[in-house]
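Report on the structure given below.
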Amino acid sequence: MKFSVLFSLVLVWACQGDSGQGWESAASVPIPVTQQDWAIAIHGGAGYMNPDNMSDERIASYEAALQKTLDLGIELLERGTDAVEVVQSVIMLMEDDSLFNAGKGAVLTAKGEAELDASIMRGQDLNCGAVTGIKNIRNPITAARLVMDSSKHVFLSGEGATSYALEHGLVWVENDYFITKARKESYLRLLEERNKLKEEELPTKKGTVGCVVLDRQGHLAAGTSTGGMMMKEHGRIGDSPIIGAGTYADDATCAVSCTGHGEFFIRKAVAYDISARMKYQDTPLHEACEELILGELKDMGGDGGLISLDHFGNISMVFNTTGMFRASADASGTRFVGIFK
Ligand code: ASP
């Protein structure tokens, strides 16, 4: 063990008294941190929104939706609810809200259909579940949870995933339930523009939802749910349902949920890479997130962001776009809701 790590561990041990104060190793310089009783962060997607291209009304409706979701998470965590349960409940609420590109309000494939992806991971034992390309299941995150809890697998796709979910009693809806008037209109507009624009000029609507949690028992969990990217090919799989790319949680390091141009997040295995930087290099959470999202990912052309928290309850929300719908809270009373930089 490197001397700096040993030194930091001794400090963690020495400084954790009744005050709950601890120290996190930051390379060779320990940074003081407070051990939070619980903490939560949520996102509703990253993109190029700014106050000039969003009406005040629209900004207010997103802020209200984020606040409502955060309030649910806080209430559950204060009651001592388990991290996985909190992640699932929070994401279900966002899936039911058509403002977000997950569940109802999902973006459409090039064929004009909704194909949904979701994943969930428990930091305590690294158990996880994911589904991709599913239809007719009202809350895709419940299908991911089902795969984690009830199957011997980690990842189910398409028809197989949908029928597994239905066999186990998850709520069925017509696939049109997911398609809102606004999404249909922008799909039709894009369909027309598609013939005039080059592939790279096509606007890509994003807006995945995600949640990361530290619960009162000291466990971490992460989850992500999405309709993917507007005009994606039928069958395309993004980062959101891929454990290690869009979602990751390990009690020993951190919990991460990503949003953005999925192909880049897959190439960089972003969610796992944050955990690996903490585990193998002792990089503090926020530094790891900035290195990746503002540095390496941006340099290769990947736009987006992530929400994350470590086992102390330190929260980091980093994005290289102009905005990310996001909110966070912890047991010390910190509350934050934001959209723009
Ligand atoms: N990451 C998602 C995907 O590529 C999209 C998003 O986050 O907006 O499917």
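Atoms within each ligand, like the ligands themselves, are counted from 1 in listed order.
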Checklist entry - Using 30° and 60° as the class limits, which term best fits the ring planes of Phe264 and His261: parallel, tilted or perpendicular? => result perpendicular
Checklist entry - How are the rings of Phe325 and Tyr62 set relative to one another: parallel (under 30°), tilted (30 to 60°) or perpendicular (over 60°)? => result parallel
Item to check | Interfacing atoms of ligand 1 (cut-off 4.0 Å, heavy-atom, Gly262) | outcome: 4 (O)
Item to check | Short N-O contact, Glu263 and Arg267, less than 4.0 angstrom | outcome: no
Next on the checklist: Assess whether a salt bridge exists between Glu174 and Lys135, defined as any Lys/Arg side-chain N lying under 4.0 Å from an Asp/Glu carboxylate O.
Outcome noted: no
Item to check | Glu296 and Lys268 ion-paired at < 4.0 Å | outcome: yes
Item to check | Whether over 12 other heavy atoms sit under 6.0 Å from Lys181 NZ | outcome: no
Item to check | Any N/O pair Gly260/ligand 1 closer than 3.5 Å | outcome: yes
Checklist entry - Which is closest to atom 1 (N) of ligand 1 by heavy-atom distance: Thr208, Asp239, Val270? => result Asp239
Checklist entry - Quick one: does Thr259 get an N or O within less than 3.5 Å of an N or O on ligand 1? => result yes
Next on the checklist: Whether Asp96 and Arg138 form a salt bridge (side-chain N of Lys/Arg under 4.0 Å from carboxylate O of Asp/Glu) is what I want to check.
Outcome noted: yes
Checklist entry - Hey, is ligand 1 close enough to Cys258 that some N/O pair sits below 3.5 Å? => result no
Next on the checklist: Check for me whether Gly45 has a heavy atom closer than 4.0 Å to any atom of ligand 1.
Outcome noted: no
Item to check | Distance filter under 4.0 Å to Ser240 heavy atoms, resulting ligand 1 atoms | outcome: 1 (N), 2 (C)
Checklist entry - Of the backbone atoms (N, CA, C, O) and the side-chain heavy atoms from C-beta on, which set of Arg236 has a member under 4.0 Å from an atom of ligand 1: side chain, backbone, both, or neither? => result side chain
Checklist outcome for this item: A student checking ligand 1 against Gly228 at a 4.0 Å heavy-atom cut-off should list atoms 5 (C), 9 (O)
